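Letters A, B, ... are given to chains in the order of the sequence lines, protein chains preceding strands, and every chain is numbered from 1. The structure presented is a predicted model; accordingly, all values stated were derived computationally and were not measured.
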Amino acid sequence: MSGTSSRYFIALFDSVSHVLQSEKLLKKAGVSHKIVPVPREISSECGVCIRFLPEHRDDVENALAGKVDKFEIRQL
Amino acid sequence: MQIIYFDNAATSWPKPKAMIKSMADFNANVGANPGRSGHRLSVEAARIIFNTREIIASLLGSGDPLSIVFTRNATESINTAVRGLLQSGDHVITSGMEHNSVMRPLRAMEKQGIELSVVECSAAGSLSPDDVAFAIKKNTRMIIMTHASNVTGAIMPISDIARIAYDKGIIFCVDAAQTAGSVPINVIKNNIDILFFTGHKSLYGPQGTGGFYIRKGVDTMMEPLERGGTGSRSEFEEHPDFMPDRFESGTPNTIGIAGLCAGATFVSAMGVDAIRKKEIALTELFLDGIQQFKGVKIYGNMDPAKRTAVVSFTIDGQSPSDISLKLDEKYTIMSRPGLHCAPSAHRTIGTFPEGTVRFSFGVFTTELEINIAIKAIETICRESTNK
């Protein structure tokens with residue numbers, strides 16, 4: 001951990017239900033991630049989002065695509 | 001004397017130990033408001049609710065946990081659908097075996113300009129799908145009916161009626177208060193648009209829990225009953241339109257849902273098919289035991305495979321409330337006398353306004369308890385003839 005938040009990506013969702021649905025899919029796919037409060041500088045879609053490292057971006061997209069209604073990936 | 005609880009159709013009891021533990025654990029170790037804050041306890045509370053959606057969705061045959069909405073009970077769910085989908089000029093069809101949870105919201109909407117047809121059932125409480133098809137009009141918007149009567153236990157031909165509704169593009173709503181968890185049901189295979197469930201009966205959760213399944217596409221047609229805080233889209237003053245937040249406002253009954261999660265997990269582990277089989281056997285034992293007693297009249301279909309574990313009966317010369325009181329005081333058997341919140345069902349089977357005595361069994365009911373009850377009823381019958 002370098003300590004700079006810019007190393008992270010986040011996935012934003014409509015609601016906490018969608019975050020938890022995604023958490024299950026990511027766990028199942030073995031993609032490491034963390035549920036964190038949505039950073040203040042990001043427009044809040046819900047209280048929490050999923051944070052992950054840039055190298056996992058494709059894995060996250062693959063695990064969620066077509067299974068979770070709507071999500072948006074952004075770089076911090 | 002050991003309590004014999006035969007009032008599972010009102011609420012199941014006892015509850016699985018895991019259900020009681022789950023509620024205590026939530027209070028002791030989680031406690032937070034689900035999804036309202038980003039901290040770990042809030043996320044854990046939201047996770048409990050999500051897990052409950054998942055298990056209920058799987059028990060009802062829906063592959064989508066977000067198709068499940070939580071409410072206080074089946075009644076709130078039914079009111080949401082009736083008030084959220086129907087408009088003046090719409091025609092609605094229901095059956096003559098309904099609980100007041102369906103009948104009263106419909107009667108209230110009748111005053112606001114909806115047209116209601118109540119399809120009559122036979123004296124045994126069974127419904128003919130042809131009669132439902134015959135009642136359909138050009139403006140029929142909804143068919144709403146019970147999956148099984150809470151008075152006679154009669155299981156309704158919902159898959160046949162679903163097909164009729166589907167062919168005509170009519171919204172089909174099923175009240176599964178008496179069946180979710182104890183009779184196999186599949187919302188996708190049976191083409192059910194909305195299915196109302198309660199948490200505290202055959203799903204073995206606590207009172208104050210319930211909800212509904214709603215098919216994708218029907219959800220956007222239905223107005224929510226209430227709007228408010230959801231923890232999502234907080235910057236907007238308009239209520240979110242996505243599931244399940246569209247129909248869930250305000251802090252939920254998380255402790256109750258934690259209990260429901262454990263109750264539904266218990267049901268899932270035991271298997272709805274196995275529960276059904278057990279309840280059919282218990283019902284058969286009871287029906288066989290009391291039907292030969294002089295003065296006993298049993299209502300509904302005598303085939304236990306065509307009813308839930310509910311038996312309504314009367315004894316000549318004694319009122320249902322007197323019998324129920326005797327059963328409680330002398331035999332510690334808990335039963336429910338009267339109309340069971342379903343006057344139209346009692347009119348159908350010819351027991352209005354006196355009602356019946358209702359026994360309803362559950363997964364914790366034993367053969368020994370049923371045999372004790374059979375003997376008690378035999379004695380009560382004898383008291384009647386000796387008068």
Side-chain angles (χ1 to χ4, degrees), chain A residues 1 3-53 56 60-76, chain B residues 30 32-58 62-70 211 214 216-217 219-220 228-249 251-252 254 257 261:
Chain A
M1 294 274 281
T4 58
S5 60
S6 61
R7 286 187 61 237
Y8 291 112
F9 274 65
I10 56 165
L12 295 162
F13 302 87
D14 269 344
S15 77
V16 69
S17 305
H18 296 87
V19 170
L20 296 170
Q21 186 179 30
S22 304
E23 179 191 39
K24 293 225 167 183
L25 293 167
L26 294 176
K27 274 186 183 161
K28 207 170 152 193
V31 184
S32 59
H33 64 280
K34 191 176 166 68
I35 294 181
V36 296
V38 177
R40 197 188 291 181
E41 61 269 29
I42 308 277
S43 168
S44 169
E45 284 290 314
C46 80
V48 284
C49 62
I50 293 181
R51 193 179 73 182
F52 52 93
L53 290 167
H56 294 136
V60 169
E61 292 224 35
N62 290 337
L64 306 186
K67 290 179 182 147
V68 178
D69 255 1
K70 216 167 74 187
F71 62 96
E72 187 190 335
I73 289 176
R74 292 211 208 166
Q75 186 167 15
L76 279 187
Chain B
V30 184
N33 199 324
R36 300 315 202 250
S37 322
H39 57 76
R40 72 185 71 182
L41 294 182
S42 171
V43 174
E44 184 53 27
R47 206 175 269 132
I48 290 169
I49 294 182
F50 186 80
N51 289 344
T52 316
R53 287 190 213 284
E54 244 181 7
I55 187 122
I56 302 269
S58 121
S62 162
D64 179 12
L66 302 186
S67 66
I68 303 298
V69 169
F70 290 118
I214 186 163
K216 213 173 201 150
D219 53 350
T220 49
T230 56
S232 56
R233 297 266 166 99
S234 297
E235 68 271 41
F236 298 108
E237 292 190 352
E238 282 76 36
H239 196 80
D241 58 359
F242 50 80
M243 286 287 289
D245 296 27
R246 182 179 172 86
F247 300 108
E248 290 182 359
S249 310
T251 301
T254 315
I257 295 170
C261 190

Derivation and outcome, side chain to side chain contact (heavy atoms under 4.5 Å, CB included), residues B:F242 and A:K70 | CA-CA 10 Å; B:F242 50 80; A:K70 216 167 74 187; 5.8 Å; no

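- At a 4.5 Å heavy-atom cutoff, B:P240 makes no contact with chain A through either its backbone or its side chain.
- For the pair B:D245 and A:V16, the minimum side-chain heavy-atom distance is 4.5 Å or more.
- For residues 46-56 of chain B, a heavy-atom distance under 4.5 Å to chain A picks out B:A46, B:R47, B:F50, B:N51, B:R53, B:E54, given by residue number.
- Looking at A:K67, neither its backbone nor its side chain comes within 4.5 Å of chain B, counting heavy atoms on both sides.
- Shortest non-hydrogen contact noted between B:G38 and A:P37 is CA-CG, 4.0 Å.
- Distance check, rounded to the nearest 0.5 Å: OG of A:S17 to CD of B:E248 gives 7.0 Å.
- Using a 4.5 Å heavy-atom threshold, the side chains of B:L66 and A:D69 count as separate.
- For A:I35, the part sitting under 4.5 Å from any heavy atom of chain B is the side chain, from C-beta outward, and nothing else.
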